[in-house]
Trainee: 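Right, I'll just put the structure down here and ask away after.
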Amino acid sequence: MATWSKASLIVAAAVVLVGLSSASGAHGGRRGRSFVSSYGEPCKEMRLYLHDIIYDYSNSTSNSTSAAATKPTALSTAVSRSGYFFGEVVVFNDPVTEGKALPPALEETAVRAQGLYLYDKKEAPNAWFAFSIVFNSTGRHGTLNLMGADLMSEKTRDVSVVGGTGDFFMARGVATLRTDEASSDLSYFRLQMDIKLYECYA
Ligand SMILES: *[C@@H]1O[C@H](CO)[C@@H](O)[C@H](O)[C@H]1NC(C)=O
Ligand SMILES: *[C@@H]1O[C@H](CO)[C@@H](O)[C@H](O)[C@H]1NC(C)=O
Ligand SMILES: *[C@@H]1O[C@H](CO)[C@@H](O)[C@H](O)[C@H]1NC(C)=O
C-alpha cells in the first residue's frame, strides 16, 4: 500500500510538472524555465523594505503614500485607544526599497506595494494586510500577492505569498514581516519583508 501510494504520487507529480511546463508556453518569455517546488529550501529569497507614510492632515499630500479610507466606527469610538480605530481601513501605494532609506521620489520607485490594511483589534493596534508588490524595473517585472494577519504585538509575523504574475508567475511562499521603524503615532512605519518563495519558475 505504502509503495503503491508513493509510486502514484511520483506519477501525479510528473503529470503536474508536465502540465505546468506546457502551460508556461502560453505565457511567453518563460520557455526554458522549470517549475521548482522545494519546501525545505526556498527557491528565491529577497529582503525588501516597505515605507508607509499616512496622510494625517499635517504632512504634505505629495509625500503621503497612504490614507485612511474610513471614518471611526461607533465601536472604535467607544473602545479604541485614539489612533487605532477598530475597523479603520487604510489604502496604500507605498514605495518599496532594497535599502532602509526613504527614496527621494516617493511616487516613482520601481517597486511598489499596493493594497490595504485594516485595524481589527479593539484596544490595541493589530492589522490585517492584503497587497501586491508590483515590480517594474529592468530586472524584474510582475507582481507578488501577499495577505495575512499582521499580529503587531509579535516581533515578526508571517504572512502568505499566495501567488504571483510575470517574473513571479505562480509563485508561492511566506513573507516574514518585522517593523523596522515606526513613529509613535504610526504616521510613518518601515516594514522589513523577508520573502521566501518555495514554489517558483527558476
Ligand atoms: C508627518 O507629519 C508629522 C507631523 O508634522 C511628522 O511628525 C512626521 O514626521 C511626518 N512623517 C513623515 C514620514 O513625513
Ligand atoms: C514632505 O513634504 C514637505 C513639502 O514638500 C517637505 O517640506 C517635507 O520635508 C517632506 N517630509 C518628508 C519626510 O519627506
Ligand atoms: C514602468 O516603468 C516604465 C519605465 O519607467 C514606465 O513608463 C511605466 O509607466 C511603468 N509602469 C507602471 C505600471 O508603473
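Whatever order the structure lists ligands and atoms in, that order sets their numbers, starting from 1. Side chains are part of it too, since the values below use all heavy atoms of this structure and drop only hydrogens, waters and symmetry mates.
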Trainee: Less than 4.0 angstrom from a charged side-chain N to a carboxylate O is my criterion; do K196 and D194 meet it?
Mentor: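 No, this pair does not count.
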Trainee: Under the 4.0 Å line, does any protein heavy atom show up next to atom 2 (O) of ligand 3?
Mentor: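 Under 4.0 Å from atom 2 (O) of ligand 3, at least one protein heavy atom found.
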Trainee: Can you find a pair of side-chain heavy atoms, one from I54 and one from F189, that are under 4.5 Å apart?
Mentor: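 Of all side-chain heavy-atom pairs linking F189 with I54, none is under 4.5 Å.
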Trainee: Could you label the plane-to-plane angle of the F92 and F129 rings as parallel, tilted or perpendicular, counting under 30° as parallel and over 60° as perpendicular?
Mentor: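 Perpendicular.
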Trainee: Determine whether any protein heavy atom is located less than 4.0 Å from atom 7 (O) of ligand 3.
Mentor: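 So far as the 4.0 Å threshold goes, atom 7 (O) of ligand 3 is out of reach of every protein heavy atom.
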Trainee: In terms of side-chain geometry, is the basic nitrogen of D167 or R140 positioned less than 4.0 Å from the acidic oxygen of its partner?
Mentor: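 The answer is no: the pair does not qualify as a salt bridge.
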Trainee: Considering heavy atoms of the protein only, find what lies nearest to atom 10 (C) of ligand 3 and give residue, atom and distance to 0.1 Å.
Mentor: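 I find the closest protein heavy atom is N136 ND2, 2.4 Å.
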